[in-house]
Amino acid sequence: MIEFQFYDHSNQCQRLFHGRGHAYEDLSHVNIDWFAPVVLITLYQEVTEDWLSSLVEDIRAQINDCKSIQVQYRCRQQAPIETLWGETITDLVVSENQMKFAISLGKAQNHGLFLDMKNGRNWLMQRANGKRVLNLFAYTCAFSVAAIEGGAEKVVNIDMSKSSLAKGRENHKLNEHDLSKVKFEGVDIFKSYSRLKKHGPYDILVCDPPSFQKGSVNIERDYKKIIKRIPELLTPSSDVLLCLNSPDLDEAFLLAEVARECPECVFQGKVENPEVFKEAHQGKGLKALHFIYK
């Protein structure tokens, strides 16, 4: 039996069990998330029907408010999702703190919100009041929502995917935000620095890139291209949050890139991941490092 607990109020979206951190023997292929009222099991290798049926019963016994248990097979081509019990729910709005986010299940590999970045969003919300924020690799603009929720003067979201930015716009609407404070730029970051500078300078930069996207991003090769542009984009004493979610690259890689490409950025510390994201081997999971640009 997989045991888990709610780390916040039960209607808050959250990871319930993080097997991918290899901290639980024989369960490194399993994650379980709560997108109320849906429990989503993510499998990175095949399991038996009996094992999966037993897990469904355990979940039903532990979560009274659950209306749907679904499984995503990340071990299969195109990562299909199936309903194992209850209603088939594909579109829903979830809560994180006072914020709302739209989630879509079964339409893409990712669902619209990365739960491991919760503390990063809190970090930004606490610092955003009156600030101008640049959000690189914005995806569905969860950082942007957190910034506006925290009182940001302006947020500029940059992402190649215009469809993701459209979802970001909807996330802001869900939270009844003033969209005149939010910009959405569907451009290639590495080819559009003039567009980034046009809206600046900024007081906070958040960069949460994918580790690899065929034809566009190889973060081991490309992170330095972003870091060396920091002096062109920020005001003195700006906050910088640089994120890295590659199991093959650790904090030392990012610290070395910053030291070489922008030594004016002074390391302040890490934004720790939520408690549930336990990692057997330090440095394999999400890294979020805070710097101040002097």
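Taking hydrophobic clusters as Ile, Leu, Val, Met, Phe, Trp and Tyr residues chained together by side-chain heavy-atom distances below 4.5 Å, Ile69 shares a cluster with Leu16. In the hydrophobic clustering of this structure, Tyr202 groups with Leu289; members are Ile, Leu, Val, Met, Phe, Trp, Tyr whose side-chain heavy atoms approach within less than 4.5 Å, directly or through other members. Tracing side-chain contacts under 4.5 Å through hydrophobic residues (I, L, V, M, F, W, Y), one never reaches Tyr139 starting from Val155; they form parts of separate clusters. Hydrophobic clustering of Ile, Leu, Val, Met, Phe, Trp and Tyr side chains at less than 4.5 Å, counting indirect connections, unites Leu113 with Met125. Linking ILVMFWY side-chain heavy atoms closer than 4.5 Å, directly or via other members, places Val156 and Val206 in two distinct hydrophobic clusters.
For the atom pair Leu52 CG and Ile41 CD1, the distance stands at 5.5 Å (nearest 0.5 Å). Atoms CG and CG, on Leu234 and Leu205 in that order, are 5.5 Å from each other to the nearest 0.5 Å. Atom CD of residue Gln78 and atom CD of residue Gln109 lie 10.5 Å apart, to the nearest 0.5 angstrom. Taken from CG in Asp208 to CD1 in Ile219, the straight-line distance is 9.5 Å, to the nearest 0.5 Å. With rounding to the nearest 0.5 angstrom, the SG atom of Cys13 is 9.5 Å from the CG atom of Leu92. Atom SG of Cys207 sits about 11.0 Å away from atom CD1 of Ile158, to the nearest 0.5 Å.
Counting only distance, with no hydrogens or angles, the side chain of Gln70 and the backbone of Ile89 share a donor-acceptor pair below 3.5 Å. Distance alone, capped at 3.5 Å, is enough to place a donor-acceptor pair between the Asn175 side chain and the Lys100 backbone. At least one donor-acceptor pair closer than 3.5 Å links the side chain of Asn171 to the backbone N or O of Thr140. Here the side chain of Ser161 pairs a donor or acceptor atom with the backbone of Ser164 at under 3.5 angstrom. Ser192 places a side-chain N or O within 3.5 Å of a backbone atom of Asp188 that can act as its donor or acceptor partner. One N or O on the side chain of Lys287 and one on the backbone of Gly283 form a donor-acceptor pair closer than 3.5 Å. Side-chain atoms of Asp159 never come within 3.5 Å of backbone atoms of Gly186 as a donor-acceptor pair (strictly under, hydrogens ignored). The main-chain N or O of Val266 is found under 3.5 Å from a side-chain atom of Gln268 such that the two form a donor-acceptor pair. Remark: side-chain polar atoms of Asn119 are paired, donor with acceptor, to backbone N or O of Glu272 under 3.5 angstrom. Under the 3.5 Å distance criterion, the side-chain polar atoms of Asp250 are matched with a main-chain donor or acceptor of Ala252.
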- request: Could you walk me through whether Met117 and Cys243 pass the side chain to side chain contact (heavy atoms under 4.5 Å, CB included) test, one step at a time?
  value: CA-CA 9 Å; Met117 194 55 83; Cys243 307; 3.6 Å; yes

Test log, rule side chain to side chain contact (heavy atoms under 4.5 Å, CB included), inputs Tyr193 and Ile226: CA-CA 9 Å; Tyr193 286 106; Ile226 299 168; 4.0 Å; yes

task: Please report the C-alpha distance between Ser180 and Asp178 in whole Å, then the side-chain angles of each, then the deciding distance to 0.1 Å, and finally whether the side-chain hydrogen bond (donor to acceptor under 3.5 Å, both in side chains) criterion is met.
output: CA-CA 5 Å; Ser180 68; Asp178 180 357; 2.6 Å; yes

message: With side chain to side chain contact (heavy atoms under 4.5 Å, CB included) as the criterion, how do Trp51 and Val30 come out once you've worked through the C-alpha distance, each side chain's angles and the decisive distance to 0.1 Å?
response: CA-CA 12 Å; Trp51 186 91; Val30 184; 3.6 Å; yes

task: Would you sort out whether Val258 and Phe267 count as a side chain to side chain contact (heavy atoms under 4.5 Å, CB included), showing the intermediate values?
output: CA-CA 9 Å; Val258 172; Phe267 179 58; over 6 Å; no

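Under the side chain to side chain donor-acceptor pair (under 3.5 Å) rule, His199 has a single partner from Glu185, Arg132, Lys154, which is Glu185. Among His177, His172, Lys183, Lys181, the single residue meeting the side chain to side chain donor-acceptor pair (under 3.5 Å) criterion with Ser144 is His172. With Glu96 as the partner, the salt bridge (charged side-chain N to carboxylate O under 4.0 Å, His left out) test is satisfied by one option alone out of Arg15, Arg121, Lys118: Arg121.
Scanning both residues, Ala79 and Gln72, for their nearest heavy atoms gives O-NE2, 3.3 Å. Residue Glu279 comes nearest to Arg20 through the heavy atom pair OE1-O, 4.4 Å, listed as atom of the first residue, atom of the second, then distance. Contact record, Tyr223 with Pro209: OH-CD, 3.7 Å, taken as the closest heavy-atom pair. Taking all atoms of both residues into account, the shortest heavy-atom contact from Phe137 to Pro210 is CD2-CD, 3.6 Å. Nearest heavy atoms, Asp116 versus Asn273: O-OD1, 4.1 Å. The two residues His111 and Phe35 come nearest to each other via the heavy atoms CD2-CE1, 4.2 Å.
A heavy-atom distance below 4.5 Å is found between the side chains of Ile230 and Cys265. Looking at heavy atoms from C-beta onward, Leu124 lies out of side-chain contact with Leu241 at the 4.5 angstrom threshold. Inter-residue side-chain proximity for Leu115 and Pro274 is flagged as unmet; no heavy-atom pair is nearer than 4.5 Å. When side chains are defined from C-beta on, Glu57 does not count as touching Trp85, because their heavy atoms never get closer than 4.5 Å. Asp239 is listed as a side-chain neighbour of Ile292, based on a closest heavy-atom distance under 4.5 Å. Between Phe143 and Asn157, the closest side-chain pair of non-hydrogen atoms is not below 4.5 Å. Taking 4.5 Å as the limit, some side-chain heavy atom of Trp34 sits within range of a side-chain heavy atom of Cys66. Under the 4.5 Å side-chain criterion, counting only non-hydrogen atoms from C-beta, His29 is in contact with Val47.
Using cut-offs of 30° and 60° on the angle between ring planes, the pair His18 and Phe277 is tilted. In this structure, Trp123 and His290 have perpendicular ring planes: the angle between them is above 60°, well past the 30° mark.
Surrounding NZ of Lys162 are at most 12 heavy atoms belonging to other residues, nucleotides or ligands under 6.0 Å away. Counting non-hydrogen atoms of other residues, nucleotides and ligands closer than 6.0 Å to CD of Glu261 gives a total above 12. Heavy atoms of other residues, nucleotides or ligands lying less than 6.0 angstrom from CD of Gln98 number more than 12. Crowding of Lys198 atom NZ: a count of heavy atoms from other residues, nucleotides or ligands under 6.0 Å exceeding 12.
With respect to Asp203 and Arg127, no salt bridge is recorded, no charged nitrogen being found less than 4.0 Å from a carboxylate O. Between Glu176 and Lys173 there is no salt bridge, since no side-chain nitrogen of the basic residue lies less than 4.0 Å from a carboxylate oxygen of the acidic one. With respect to Lys167 and Glu170, no salt bridge is recorded, no charged nitrogen being found less than 4.0 Å from a carboxylate O.
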